[in-house]
Amino acid sequence: YQRRVHGDILTTEMKTFFSKSYSTTKSLNIKTINPQLKQAEYAVRGAIPIRAAQIQKEMAQDPSKYPFKQLTFCNIGNPLTFGQKPLSFQRDVMSIIFAPQLLQSNHFNNDVKKRAKFYLDHIQGNIGAYSESAGYNFCVESVARFIEKRDGVTANRQNIIMTNGASEGVNISLTAMISGPKDGIMIPIPQYPLYSALISLFNGSQIPYYLDEGNGWQINLEQLETGYEQSLERGVKPRAMVIINPGNPTGQVLRAVSYTHLTLPTIYSVQISVVA
């Protein structure tokens, strides 16, 4: 077989085999992809913003086509596009980290240089090198000290993992909690669609609890208990409760009485995890 192929001699059977193997039909399409992926909806970048982008392109070609002059995209929190000035401190620090010779520049304030030098002194191999799996040790230590100062408890450094933004942290957490449709995650309604999308993607079950609009979108204990009991009736075990604070998209900040005296005792009594 090898001799014939290398000698460019193909039998009829080989030609038939190769013609079938190299079919023009796509192996990955809407029918063959993971069915959970098709169930995962992320409306923040869904039909409305897609249509808006199309209209924006049409307006660029013909400004008179629509009875308005511009579009304002409100599907994501993106204040810089509306003229909000960025926080300069972080950007200045990152500039020096990427180009350490800027430490000698008079363009940056001393507090910026001090912070940048601290990072450069503690990042082994300079920026761009792989860090420890849980994040830079000095960053983990800083987070632990913050927790201890804020909450008055000892923070276990081994339990702190730095992630590339909150979304990655949510992804990792739900991956560990959901093994199938019998595992449920309690999510507030309204909620940021990241949670419902990931629950669907991991083939878990959503357990909604409705926020109290008449009370400033605070958590309602009755709604929590209702969602919990109904999930058990469906044979779904609540594995975690999602708390979004400040609320997204509602914007509220949970009051201490709502969180400490109502929510936490309920969570502890049924022994479920918190994703916050």
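We number each residue from 1, following the sequence as shown.
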**Message:** Under 4.5 Å between side-chain heavy atoms, counting indirect links through other Ile/Leu/Val/Met/Phe/Trp/Tyr residues: same cluster for V140 and L120 or not?
**Reply:** no
**Asked** Measuring from Q84:CD to N78:CG, what's the distance to the nearest 0.5 Å?
**Response** 10.0 Å
**Request:** For the residue pair M241 and L224, establish whether any side-chain heavy-atom pair is separated by less than 4.5 Å.
**Result:** yes
**Prompt:** How many angstroms lie between atom CG of L28 and atom CG of N34, to the nearest 0.5 angstrom?
**Reply:** 10.5 Å
**Prompt:** More than 12 heavy atoms of other residues, nucleotides or ligands under 6.0 Å from OH of Y210: is that the case?
**Reply:** no
**Asked** In terms of heavy-atom contacts, does CD of Q70 have more than 12 from other residues, nucleotides or ligands at under 6.0 Å?
**Response** no
**Asked** So F138 and H122, would you call those rings parallel, tilted or perpendicular, with 30° and 60° as cut-offs?
**Response** tilted
**V275 and I243, any side-chain heavy atoms less than 4.5 Å apart** = no
**Request:** With the side chain counted from C-beta on, respond yes when L71 and Y66 share a heavy-atom pair under 4.5 Å apart, and no when they do not.
**Result:** no
**Asked** Do D183 and M177 come close enough that some side-chain heavy atom pair is under 4.5 Å?
**Response** no
Distance-only check: which donor-acceptor pairs under 3.5 Å involve side-chain atoms of residues 104-113, not counting sequence neighbours?
residue, atom, partner, partner atom, Å
S105, OG, H107, N, 3.0
K113, NZ, L103, O, 3.4
K113, NZ, S105, O, 2.5

**Side-chain donor/acceptor of Q252 to backbone N/O of W217, under 3.5 Å** = yes
**Message:** Is there a path of hydrophobic side-chain contacts, each under 4.5 Å between heavy atoms, that joins M162 and Y119?
**Reply:** no
**Asked** In terms of heavy-atom contacts, does CD of Q158 have more than 12 from other residues, nucleotides or ligands at under 6.0 Å?
**Response** no
**Request:** For the residue pair V253 and N245, establish whether any side-chain heavy-atom pair is separated by less than 4.5 Å.
**Result:** yes
**Message:** Under 4.5 Å between side-chain heavy atoms, counting indirect links through other Ile/Leu/Val/Met/Phe/Trp/Tyr residues: same cluster for L174 and I172 or not?
**Reply:** no
**Asked** L37, I30: one ILVMFWY side-chain cluster at the under-4.5 Å cut-off?
**Response** yes
**Request:** For I96 and A116, work out which heavy atoms get closest and say how close.
**Result:** CG2-CB, 3.6 Å
**Asked** Does Q124 CD have over 12 foreign heavy atoms under 6.0 Å away?
**Response** no
**Prompt:** So, for I272 and P238, which heavy atoms are closest and what is the spacing to 0.1 Å?
**Reply:** CG2-O, 3.2 Å
**Side-chain heavy atoms of P86 within contact of L80, under 4.5 Å** = yes
**Fill in**
Looking only at heavy atoms, the pair that brings S196 and I187 closest together is CB-CD1, 4.3 Å
**Request:** Step through the shown structure and confirm whether more than 12 heavy atoms of other residues, nucleotides or ligands are within 6.0 Å of CD1 on I33.
**Result:** yes
**Request:** Return yes when atom CZ of F68 has more than 12 non-hydrogen atoms of other residues, nucleotides or ligands closer than 6.0 Å, and no otherwise.
**Result:** yes
**Item:** Straight-line distance of F89 CZ to M94 CE, nearest 0.5 Å
**Value:** 12.0 Å
**Message:** For R150, I'd like to know if atom CZ has over 12 heavy atoms of other residues, nucleotides or ligands within 6.0 Å.
**Reply:** yes
**Asked** Looking at I160 and V143, what are the two nearest heavy atoms and their distance?
**Response** CG2-CG1, 4.0 Å
**Asked** Does the side chain of N203 come within less than 4.5 Å of I178's, by heavy atoms?
**Response** no
**Message:** Working to the nearest 0.5 angstrom, can you tell me the gap between N220 CG and E213 CD?
**Reply:** 13.0 Å
**Message:** Quick check against the 3.5 Å criterion: does S205 have a side-chain atom that pairs as donor or acceptor with the backbone of K182?
**Reply:** no
**Fill in**
OG1 (T226) and CG (L221) are apart, to the nearest 0.5 Å, by 9.0 Å
**Request:** Write down the atom of I244, the atom of Y192, and the distance for their closest heavy-atom approach.
**Result:** CD1-N, 3.9 Å
**Complete:** Here the gap from L201 atom CG to N171 atom CG, rounded to the nearest 0.5 Å, amounts to 7.5 Å
**Prompt:** Okay, side chain of N215, backbone of Q218: is any donor-acceptor separation there less than 3.5 Å?
**Reply:** no
**Asked** Which heavy atom in A155 sits nearest to a heavy atom in A144, and how many Å separate them?
**Response** CB-O, 3.7 Å
**Stepwise side-chain contact (heavy atoms from CB on, under 4.5 Å) check, I207 with R234** = CA-CA 11 Å; I207 305 174; R234 294 188 288 122; 4.2 Å; yes
**Request:** Evaluate the side-chain proximity of T175 to F202: yes if any heavy-atom separation is below 4.5 Å, no if none is.
**Result:** yes
**Request:** Return yes when atom CD of E222 has more than 12 non-hydrogen atoms of other residues, nucleotides or ligands closer than 6.0 Å, and no otherwise.
**Result:** no
**Item:** hydrophobic_cluster_shared for I48 and F73, side chain cutoff 4.5 Å
**Value:** no
